[in-house]
Undergrad: 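Dropping a structure here in structure tokens format, bear with me for questions.
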Protein chains: 2
Amino acid sequence: MNTKKDNTEDKILDAAKNVFVKKGMEGARMQEIADEAGINKALLHYYFRSKDKLFDAIFSKIIGLAFPKIGEIFQSDQAFAWKVEQVIDTYLSLLMKHPYLPAFILKEVNRDPSMFFKLVLKHGFSPAPIFEIIEEAMDRGEIIRMNPQHLVVHVLSMCIFPFAAKPIIHFVLFDEDKQATQAFFDERKQEVKQFVLRAITPELK
Amino acid sequence: MNTKKDNTEDKILDAAKNVFVKKGMEGARMQEIADEAGINKALLHYYFRSKDKLFDAIFSKIIGLAFPKIGEIFQSDQAFAWKVEQVIDTYLSLLMKHPYLPAFILKEVNRDPSMFFKLVLKHGFSPAPIFEIIEEAMDRGEIIRMNPQHLVVHVLSMCIFPFAAKPIIHFVLFDEDKQATQAFFDERKQEVKQFVLRAITPELK
DNA sequence: GTCTATACATTGATAGAC
DNA sequence: GTCTATCAATGTATAGAC
């Protein structure tokens, strides 16, 4: 995503992504994007008519990135526990690579939900199949019976929230110790998996 | 928090809170705050010298509100399970009452972490005692052994994140059905408590 | 396609009358 | 204390030369 800086359009897209993700739609300045791309403001408007249009282009790419194909993992023939671990691994790997995504997406979704809704429809994301598979695992007694929607929200919360609240964790929990904070985030894959599996596995512990 | 509209200063504070929490520091407009307070812009600057000063006043009050005295709950003599349930109850009740807080605080903390840091120091919030109590509960075998910091983040994530991501949940999970969304949030107290207790209670289930 | 210069709109902040 | 009118700064967008 940070390659292909050859032509001007890609340079703009790359610069815009960095600035928008860091500052948000309202905080970003066209001048800053131009500077980061090594061009001037006028050229931004030449390639993308307005700041809104440029933002839409960036936001659309990012939403596509942040909603990975969890469906594929769930469709496999593996045990449910394996699927859960795989989803947590996949999602946390993605977030470790793009730690700014949660704060950015939450900010923009709350600013203008309709924008997000259109993109979800465009990307054709539907959670229904996932809930079916969870229900089946419960029917088989592979996991305890509970509300699948809450289970999904539990897991996503534990994966995503710490990144959105990273400054708080960094300061309140680790007294601004960067290494300690980093270690904490490195541990979360393991910790979240253990916690979730213990909560949903029937008996025999 | 929505009372005392008698004098002008309180009217301003109340209006500013509404606008800032909804739009954030960058999205809020002094004109909109003035309109909501039923006065004009000049008067805002008469009472509070600048937009920054006005925002600081609001943000400080909100941080004080959002970091309730969890410490007190943990200091009691009850069983650890009771403490966990009490914390989840307390926090989710607070958030049901102020559902916009998570998105607002996350947005502002990521925009300017230092502002948040100063307030945390001012309010004198320290998590150390809580971790000690968790450690003791583990030593007694009351809950399974795990990293206390991750446990705290797990619980707070499940409580706070759904509110910050409410538009996403509303649309993706419930197809914009307001009643279904509301029901989901009403259920979370119970669901989070069950999930957490099952994950941390030793054996005997 | 890319630049400089500038128009136009928005908005935070102030001056001054009452 | 409260208002109207206005300033000054910032930022998006465009015009026009090269």
Side-chain angles (χ1 to χ4, degrees), chain A residues 3-62 100 104 107-108 110-112 114-115 118, chain B residues 3-62 104 107-108 110-112 114-116 118:
Chain A
T3 55
K4 287 190 182 176
K5 283 195 174 183
D6 38 345
N7 64 55
T8 302
E9 184 164 343
D10 287 337
K11 276 196 296 188
I12 293 176
L13 285 172
D14 197 57
K17 188 202 59 154
N18 292 335
V19 176
F20 275 133
V21 167
K22 198 171 177 183
K23 305 285 184 71
M25 167 64 184
E26 285 167 341
R29 296 290 165 251
M30 293 297 266
Q31 183 61 59
E32 191 178 350
I33 296 175
D35 291 345
E36 177 123 355
I39 57 169
N40 56 44
K41 283 190 296 181
L43 211 48
L44 289 182
H45 288 88
Y46 175 80
Y47 278 91
F48 302 85
R49 282 172 47 86
S50 66
K51 184 183 179 182
D52 274 309
K53 294 268 201 302
L54 178 54
F55 180 79
D56 285 346
I58 301 298
F59 194 64
S60 179
K61 289 176 63 174
I62 288 182
Y100 286 100
F104 171 72
K107 182 194 299 182
E108 300 305 330
N110 279 286
R111 185 179 63 84
D112 181 5
S114 67
M115 185 180 47
K118 290 172 191 165
Chain B
T3 55
K4 285 191 182 176
K5 285 197 175 184
D6 38 346
N7 64 53
T8 302
E9 184 164 342
D10 287 336
K11 275 197 296 186
I12 292 176
L13 285 172
D14 197 58
K17 188 203 57 152
N18 291 336
V19 176
F20 275 132
V21 167
K22 198 171 176 182
K23 305 283 184 71
M25 167 64 184
E26 284 168 340
R29 296 290 165 251
M30 293 297 268
Q31 183 61 57
E32 191 178 350
I33 296 175
D35 292 344
E36 177 122 356
I39 57 169
N40 56 43
K41 281 192 298 179
L43 212 48
L44 290 182
H45 288 88
Y46 175 80
Y47 279 89
F48 302 84
R49 283 171 47 85
S50 67
K51 184 183 179 183
D52 274 308
K53 293 267 201 304
L54 178 54
F55 180 79
D56 285 347
I58 301 299
F59 195 63
S60 179
K61 289 176 63 175
I62 288 183
F104 171 71
K107 182 194 300 182
E108 300 305 329
N110 279 286
R111 184 180 62 85
D112 181 4
S114 66
M115 185 179 49
F116 170 78
K118 290 172 190 164

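Values in this document were obtained by computation on a predicted structure and should not be read as measured data. Labels below follow one simple rule: chain letters A, B, ... track the order of the sequence lines, proteins then strands, and each chain is numbered from 1. These values consider heavy atoms only, across backbone and side chains, with no hydrogens, waters or symmetry-generated copies.
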Undergrad: What are the two closest heavy atoms between B:Met30 and B:Leu44, and how far apart are they?
TA: O-CD1, 3.2 Å
Undergrad: Of A:Phe59, A:Tyr100, A:Phe55, which meets ring-ring contact (aromatic ring centres under 6.0 Å, His included) against A:Phe20?
TA: A:Phe55
Undergrad: Given the rule in the salt bridge (Lys or Arg N to Asp or Glu O under 4.0 Å) test, do A:Glu26 and B:Lys23 qualify, once you have shown the distances and angles that lead to the verdict?
TA: CA-CA 10 Å; A:Glu26 285 167 341; B:Lys23 305 283 184 71; over 6 Å; no
Undergrad: Mind checking which nucleotides bracket the chain B contacts on DNA chain C, 5' to 3', with an atom under 4.0 Å from a heavy atom?
TA: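 Contact boundaries, 5' end first: C:dT11 to C:dA15.
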Undergrad: What heavy-atom pair brings A:Arg29 and A:Val19 nearest, and what distance separates the two atoms?
TA: N-CG1, 4.5 Å
Undergrad: Roughly, in whole Å, what's the span from OH in B:Tyr46 to P in D:dT4?
TA: 17 Å
Undergrad: How close or far is atom C1' of D:dC7 from atom NE2 of B:His45, stated in whole angstroms?
TA: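 The answer, rounded to whole Å, is 13 Å.
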Undergrad: If you assign A:Lys41 and A:Tyr47 each to the DNA chain C nucleotide with the nearest heavy atom, which residue ends up on the more 5' nucleotide?
TA: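 Upstream on the strand: A:Tyr47.
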Undergrad: Could you tell me whether the side chain of B:Lys11 and the main chain of B:Glu36 form a donor-acceptor pair under 3.5 Å?
TA: no
Undergrad: At under 4.0 Å between heavy atoms, what does B:Ala28 touch on the DNA or RNA strands: base, sugar-phosphate, or nothing?
TA: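 B:Ala28: backbone/sugar contact only, no base atoms under 4.0 Å.
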Undergrad: Between A:Arg29 and A:Arg49, name the one whose nearest nucleotide on DNA chain D is closer to the 5' end.
TA: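 It is A:Arg29, whose closest nucleotide lies nearer the 5' terminus.
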Undergrad: Over all heavy atoms of both residues, which pair between B:Tyr47 and B:Thr8 is shortest? Give the atoms and the distance, please.
TA: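 Shortest heavy-atom contact: OH-CB, 3.4 Å.
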Undergrad: May I have the distance from A:Lys51 (atom NZ) to D:dT12 (atom P), rounded to whole angstrom?
TA: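 Rounded to whole Å, this separation is 5 Å.
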Undergrad: With heavy atoms under 4.0 Å as the rule, sort A:Ile39 into base, sugar-phosphate or nothing.
TA: sugar-phosphate
